[in-house]
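Reviewing the structure listed below.
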Amino acid sequence: MGKLYVCDHPLIQHKLTYIRDENTKTKDFRQLVDEVAMLMAYEITRDLPLEKVKVHTPVIEAECQVISGRMLGLIPILRAGLGMVDGILKLHPTAKVGHVGLYRDPETLQPVEYYVKLPTDVLERELIVIDPMLATGGSANMAIDVLKKRGCQQIKLMCLIAAPEGVKAVQEAHPDVDIYVAAVDDYLNDHGYIVPGLGDAGDRLFGTK
Ligand SMILES: O=P(O)(O)OC[C@H]1O[C@H](OP(=O)(O)OP(=O)(O)O)[C@H](O)[C@@H]1O
Ligand SMILES: O=c1cc[nH]c(=O)[nH]1
Ligand SMILES: [Mg+2]
């Protein structure tokens, strides 16, 4: 079963509180999501492998370390996942970005695919699927399916807030995928919203409501 990591760094938890607050308006919401995504990326990439390299400092030749291994690909689920991309790119500027467009039907809560565009070298990259909200898990599972159907193998999932139902659904459908979140909330309400949650992440990011 995939592991669940809760990024409980005080800076992440502090910022998440203001992201949840209904009085936080679009500009600050966007800024805070960007900052939390960057802080989470720092935690998530803690296990990246290093390799030794020689560097000439102005003083001597030294043996130092650089990140080795596979390159990174970020896969935001449109729309709301877009809000987390730039924060991660600040730490990993060479990552490529693939987009998976899904919306959740408000009646059935089932995800509907409307767009997929991936880097040509996606199979050579470690992928992080990004979405602020993991509610029923339908969207995350469909995005991971989209990647696996194309042969992708090394996939992580990164969300701000998860419902227990969503964590369970992803762990059952994709036991090879580790999940990284800033918080696991209490439950889903009758409309499929995470409680306490933050409302509709896409609407709050883009000011569409
Ligand atoms: O786990 P699930 O039950 O599938 O719900 C989570 C999905 O719902 C939201 O997207 P939404 O459908 O609102 O699209 P948007 O990002 O365009 O607003 C959210 O950003 C996730 O993608
Ligand atoms: O609480 C939720 C659930 C799904 N999508 C959101 O944006 N928020
Ligand atoms: Mg939305």
Side-chain angles (χ1 to χ4, degrees), residues 2 4 6 15-34 36-37 40 74-88 97-118 127-149 155-175 177-209:
L4 172 68
V6 180
K15 290 174 192 292
L16 185 61
T17 298
Y18 292 98
I19 289 173
R20 291 182 187 276
D21 187 339
E22 64 177 357
N23 295 312
T24 300
K25 299 291 182 260
T26 302
K27 172 175 166 290
D28 290 336
F29 186 91
R30 204 178 278 150
Q31 173 76 33
L32 286 161
V33 169
D34 180 78
V36 169
M40 287 184 72
L74 309 180
I75 313 291
I77 301 178
L78 308 181
R79 290 175 299 167
L82 287 175
M84 299 170 72
V85 171
D86 285 351
I88 304 173
V97 182
H99 297 87
V100 176
L102 307 176
Y103 71 86
R104 196 173 71 153
D105 183 294
E107 302 299 326
T108 65
L109 301 185
Q110 293 306 305
V112 182
E113 180 184 314
Y114 61 86
Y115 187 73
V116 178
K117 184 81 178 176
L118 302 174
L127 303 177
I128 307 180
V129 174
I130 306 164
D131 195 323
M133 310 306 279
L134 180 62
T136 66
S139 302
N141 275 342
M142 185 178 271
I144 296 166
D145 282 339
V146 162
L147 298 173
K148 286 189 174 174
K149 272 187 203 136
I155 303 170
K156 293 175 176 173
L157 173 64
M158 174 177 171
C159 304
L160 294 189
I161 300 179
E165 295 89 332
V167 172
K168 184 164 178 278
V170 174
Q171 285 180 330
E172 283 176 3
H174 298 290
V177 173
D178 289 342
I179 306 171
Y180 299 80
V181 299
V184 180
D185 277 6
D186 297 341
Y187 62 95
L188 290 178
N189 70 16
D190 293 343
H191 305 288
Y193 276 84
I194 300 174
V195 182
L198 53 71
D200 188 302
D203 285 339
R204 294 196 64 193
L205 268 169
F206 298 110
T208 43
K209 211 170 188 182

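Whatever order the structure lists ligands and atoms in, that order sets their numbers, starting from 1.
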Answer yes or no: is there a side-chain heavy-atom contact under 4.5 Å between [X] and [Y]?
{"X": "L118", "Y": "I75", "value": "yes"}
{"X": "R20", "Y": "D185", "value": "yes"}
{"X": "L82", "Y": "F206", "value": "yes"}

Considering only the protein, which heavy-atom contact is closest to [atom], and what is its distance?
{"atom": "atom 1 (O) of ligand 2", "answer": "I194 N, 2.8 Å"}
{"atom": "atom 3 (O) of ligand 1", "answer": "T136 OG1, 2.6 Å"}
{"atom": "atom 2 (C) of ligand 2", "answer": "Y193 CD2, 3.4 Å"}
{"atom": "atom 8 (N) of ligand 2", "answer": "G199 O, 2.8 Å"}
{"atom": "atom 3 (C) of ligand 2", "answer": "G192 O, 3.5 Å"}

Seminar exercise, completed: The answer for which part of A201 has a heavy atom under 4.0 Å from ligand 2 is both

Quick check: [X] and ligand 1, any N/O pair under 3.5 Å apart?
{"X": "D131", "value": "yes"}
{"X": "A80", "value": "yes"}
{"X": "S139", "value": "yes"}

Exercise. Of the listed options (M142, R79, M133), which comes nearest to atom 6 (C) of ligand 1 when hydrogens are ignored and any heavy atom counts?
Worked result: M133

Problem set entry | Option with minimal heavy-atom separation from atom 4 (C) of ligand 2, where the choices are H191, R204, R79, R104 | R104

Exercise. How many angstroms lie between CG in L147 and CD1 in I155, if you round to the nearest 0.5 Å?
Worked result: 5.0 Å

Exercise. Cation-pi between R104 and Y193: NZ/CZ under 6.0 Å from ring centre and within 45° of the ring axis?
Worked result: yes

Exercise. Does any N, O or S atom in D200 come within less than 2.8 Å of the Mg ion (ligand 3)?
Worked result: yes

For this session: Specify side chain, backbone, both or neither for A201, according to which of its non-hydrogen atoms lie closer than 4.0 Å to ligand 1.
Result: neither

Problem set entry | Proximity flag D200 to ligand 1, non-hydrogen atoms under 4.0 Å | yes

